[in-house]
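The next block holds one structure in the form of structure tokens; read it before the comments.
Along the sequence shown, the residues carry numbers beginning at 1.
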Amino acid sequence: MAYNLKKEVEKPERFSGGHRMCAGCGSPIAVRNVLRAMDPEDKAVVCCATGCLEVSSFLYPYTAWEDSYIHAAFENAAATLGGVEACYNVLKKKGKIDETYKFIAFGGDGGTYDIGLQSLSGAMERGHDMVYVCYDNEAYMNTGIQRSSSTPRFADATTSPVGDVSYGKLQNKKDLTAIIAAHHVPYAAQTTFIGNLKDLYEKARKAIYTPGAAFLNIMAPCPRGWRYPAENIMEICKLAVETCMWPLYEVEDGKWTLSYEPKKKLPVEEYLKPQGRFKHMFKPGNEWMIEEVQKTVDRRWEELLTKCEG
């Protein structure tokens with residue numbers, strides 16, 4: 001199916017306005033565009049892990065979701081949806097359901113990289129015909145901007161604060177997309193909001209319509225936690241891609257493919273400087289932090305290129 005932006009935006013919304021997400025939040029952008037990749041005649045069962053998206057989009061009896069919706073705990077969204085998918089297969093085999101349903105879970109990095117990793121790994125290993133979508137805003141934003149294993153090194157968070165003797169988070173960001181790809185699932189991909197959202201749409205559609213377990217990792221910036229003007233979200237995403245802080249790639253049946261290679265790879269400070277969470281890195285004497293981040297990005301980028309060339 002060719003991507004036609006005009007036709008895609010004419011599709012009925014599956015995630016309505018009027019929710020309580022912050023202005024400029026990346027997660028509803030991720031949700032709307034993932035669900036828009038579905039064929040209008042298909043139905044969906046959505047499971048949402050506890051987090052910003054869940055508490056702001058569903059407050060009984062009000063909901064922003066047009067499809068069937070399940071609120072799961074932080075730790076078990078993948079397990080919950082895997083069980084629903086298994087039940088659906090039984091009912092369809094017995095002739096009690098005729099409609100085509102797709103099964104999509106959404107979780108933030110807290111409920112995906114950390115608390116929900118065990119159930120996610122289990123669902124991927126069992127091969128449920130479902131898509132798990134991580135809207136990665138790189139911290140526990142819903143409960144006060146605490147660091148997660150997705151938080152980048154040196155980022156200022158409430159549990160990795162910057163001070164006289166501290167430099168923000170000391171550990172590197174976990175590479176979850178590669179971890180899920182190592183489960184040998186049919187499809188895993190990394191994307192974000194750039195251009196006309198073509199990359200996001202195409203990967204979402206592949207994930208939804210590829211039989212078996214699939215995973216999408218979507219960088220979804222949080223203006224509150226990252227401390228940048230809300231209207232600059234697309235620019236932040238573009239800089240993440242152009243500096244290779246967040247490379248775009250997909251893994252289909254074990255084959256790694258690079259989705260985009262910058263014509264001129266920008267230095268990481270171009271991405272770090274607009275964000276308040278990295279402000280301390282630009283103080284005199286802290287240049288070593290930027291150098292450390294650049295070394296890590298360069299190394300991981302070369303590793304990714306090697307995988308994609310193979």
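- Side chains of Y113 and N217: a donor on one and an acceptor on the other come within 3.5 Å.
- In this structure, the ring of F215 has its center no less than 6.0 angstrom from the ring center of Y187.
- Using a 4.0 Å cut-off between charged nitrogen and carboxylate oxygen, K265 and D298 count as a salt-bridge pair.
- Side-chain atoms of N286 never come within 3.5 Å of backbone atoms of M281 as a donor-acceptor pair (strictly under, hydrogens ignored).
- Checked by atom type and distance alone, the side chain of D199 never pairs as donor or acceptor with a backbone atom of L248 at under 3.5 Å.
- One N or O on the side chain of E85 and one on the backbone of D129 form a donor-acceptor pair closer than 3.5 Å.
- Under the 4.5 Å side-chain heavy-atom criterion for ILVMFWY residues, no single connected hydrophobic cluster contains both V162 and V293.
- Residues R147 and D109 are not paired through a salt bridge, judged by the lack of any N-O separation under 4.0 Å between the basic side chain and the carboxylate.
- Expressed to the nearest 0.5 Å, how far NZ of K295 lies from CD1 of I290 amounts to 13.0 Å.
- Here the side chain of T296 pairs a donor or acceptor atom with the backbone of E292 at under 3.5 angstrom.
- Inspection of the E54 and S57 side chains reveals no N or O donor paired with an N or O acceptor under 3.5 Å.
- With contacts defined as side-chain heavy-atom distances shorter than 4.5 Å, the pair E252/K206 qualifies.
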>> Could you go through V185 and I180, starting from their C-alpha distance and side-chain angles, then the distance that decides it, and tell me whether this counts as side-chain contact (heavy atoms from CB on, under 4.5 Å)?
In response: CA-CA 7 Å; V185 296; I180 299 302; 4.3 Å; yes
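- No side-chain N or O of E125 forms a donor-acceptor pair with one of H183 less than 3.5 Å apart.
- Going from atom CD1 of I29 over to atom OH of Y135 covers 13.5 Å, rounded to the nearest 0.5 Å.
- Each of T210, I208, L81 was evaluated against V131; a single residue qualifies, I208, per the side chain to side chain contact (heavy atoms under 4.5 Å, CB included) test.
- Between the T191 side chain and the I218 main chain, no donor and acceptor come within less than 3.5 Å of each other.
- Salt-bridge annotation for K203 and E250: absent, with no side-chain N of the basic residue lying under 4.0 Å from a carboxylate O of the acidic one.
- K94 places a side-chain heavy atom less than 4.5 Å from the side chain of V90.
- Two rings, from Y88 and F103, have their centers less than 6.0 Å apart.
- A side-chain donor from one of T112 and Y132 sits under 3.5 Å from a side-chain acceptor of the other.
- Contact annotation: the side chain of L272 never approaches that of Q275 to less than 4.5 Å [non-hydrogen atoms, C-beta and beyond].
- Rounded to the nearest 0.5 Å, atoms NE2 (H19) and OG (S56) are 8.5 Å apart.
- Ion pairing between a basic and an acidic side chain is recognised when a charged N comes within 4.0 Å of a carboxylate O; R277 and D156 show no such pairing.
- With hydrophobic clusters built from ILVMFWY side chains whose heavy atoms lie under 4.5 angstrom apart, Y140 does not share a cluster with L170.
- A salt bridge between R36 and E13 is present, with a side-chain N of the basic residue lying under 4.0 Å from a carboxylate O of the acidic one.
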>> If you apply the rule salt bridge (charged side-chain N to carboxylate O under 4.0 Å, His left out), what do you find for K11 with D39, and how did you get there?
In response: CA-CA 9 Å; K11 286 182 178 179; D39 292 333; 5.1 Å; no
> When you look at R14 and D67, which way does the salt bridge (charged side-chain N to carboxylate O under 4.0 Å, His left out) test go after all the steps?
Replying inline: CA-CA 7 Å; R14 292 176 180 263; D67 290 290; 2.9 Å; yes
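- With rounding to the nearest 0.5 Å, the separation of CG in N137 from SG in C25 is 7.0 Å.
- In this structure, H280 contributes its side chain and F154 its backbone to a donor-acceptor pair below 3.5 Å.
- Between P274 and Y228, the shortest heavy-atom contact is O-CB, 3.7 Å.
- Judged purely by atom type and a 3.5 angstrom limit, S121 has no side-chain atom pairing as donor or acceptor with the backbone of Q118.
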>> The test is side-chain contact (heavy atoms from CB on, under 4.5 Å); show your working for Y101 and D42 and say whether it passes.
In response: CA-CA 6 Å; Y101 278 84; D42 290 340; over 6 Å; no
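- When every heavy atom of K92 is checked against every heavy atom of I97, the shortest pair comes out as CG-O, 3.6 Å.
- E261 contributes no side-chain N or O that, together with a main-chain N or O of L258, makes up a donor-acceptor pair within less than 3.5 Å.
- In this structure, I194 and M234 have side chains that are not in contact, with every pair of non-hydrogen atoms separated by 4.5 Å or more.
- The two residues T192 and C237 make their nearest non-hydrogen contact at OG1-SG, 3.3 Å.
- In the displayed structure, R224 atom CZ is contacted under 6.0 Å by at most 12 heavy atoms of other residues, nucleotides or ligands.
- Taking OG1 of T100 as the start and OH of Y209 as the end, the distance is 8.5 Å to the nearest 0.5 Å.
- A tilted orientation is assigned to the rings of Y60 and F58, their planes being inclined by 30° to 60°.
- No path of Ile, Leu, Val, Met, Phe, Trp and Tyr side chains, each step under 4.5 Å between heavy atoms, connects V55 with L53, placing them in separate hydrophobic clusters.
- Between D175 and I179, every side-chain heavy-atom pair lies at or beyond the 4.5 Å cut-off.
- Between V31 and F106 the shortest side-chain heavy-atom distance falls below 4.5 Å.
- For the pair I104 and M38, the tightest heavy-atom approach, listed with the atom from each and the gap, is CD1-SD, 4.0 Å.
- Side-chain polar atoms of Q190 and T177 form a donor-acceptor pair below 3.5 angstrom.
- When hydrophobic clusters are built by joining Ile, Leu, Val, Met, Phe, Trp and Tyr residues whose side-chain heavy atoms come closer than 4.5 Å, directly or via intermediates, M21 is not grouped with L59.
- Under a 3.5 Å cut-off, the side chain of S166 and the backbone N or O of G168 do not form any donor-acceptor pair.
- Defined by atom type and a distance below 3.5 Å, a donor-acceptor pair is missing between the side-chain atoms of S119 and N76.
- No side-chain N or O of E8 forms a donor-acceptor pair with one of N4 less than 3.5 Å apart.
- With contacts defined as side-chain heavy-atom distances shorter than 4.5 Å, the pair H71/C48 does not qualify.
- Classification of E202 and K198 as a salt-bridged pair holds, one side-chain N sitting under 4.0 Å from a carboxylate O.
- Under the 4.5 Å side-chain criterion, counting only non-hydrogen atoms from C-beta, D136 is not in contact with L176.
- In this structure, N33 CG and L197 CG are separated by 4.5 Å, a value rounded to the nearest 0.5 Å.
- More than 12 heavy atoms of other shown residues, nucleotides or ligands fall within 6.0 angstrom of atom NZ in K174.
- Looking at E138 and K173, a side-chain N of the basic residue comes within less than 4.0 Å of a carboxylate O on the acidic one, giving a salt bridge.
- Ion pair K263/E242 not flagged as a salt bridge, since none of the NZ, NE, NH1 or NH2 atoms sits closer than 4.0 Å to an Asp/Glu carboxylate oxygen.
- Contact check on R299 versus E303 returns a salt bridge, with a Lys/Arg side-chain nitrogen under 4.0 Å from an Asp/Glu carboxylate oxygen.
- Between the side chain of K169 and the backbone N or O of T151, at least one donor-acceptor pair lies under 3.5 Å.
- Counting all heavy atoms, side chain and backbone alike, S259 lies closest to Y249 at OG-CA, 3.4 Å.
- Of all non-hydrogen atoms in F74 and T50, the two that sit nearest each other are CE2-O, 3.1 Å.
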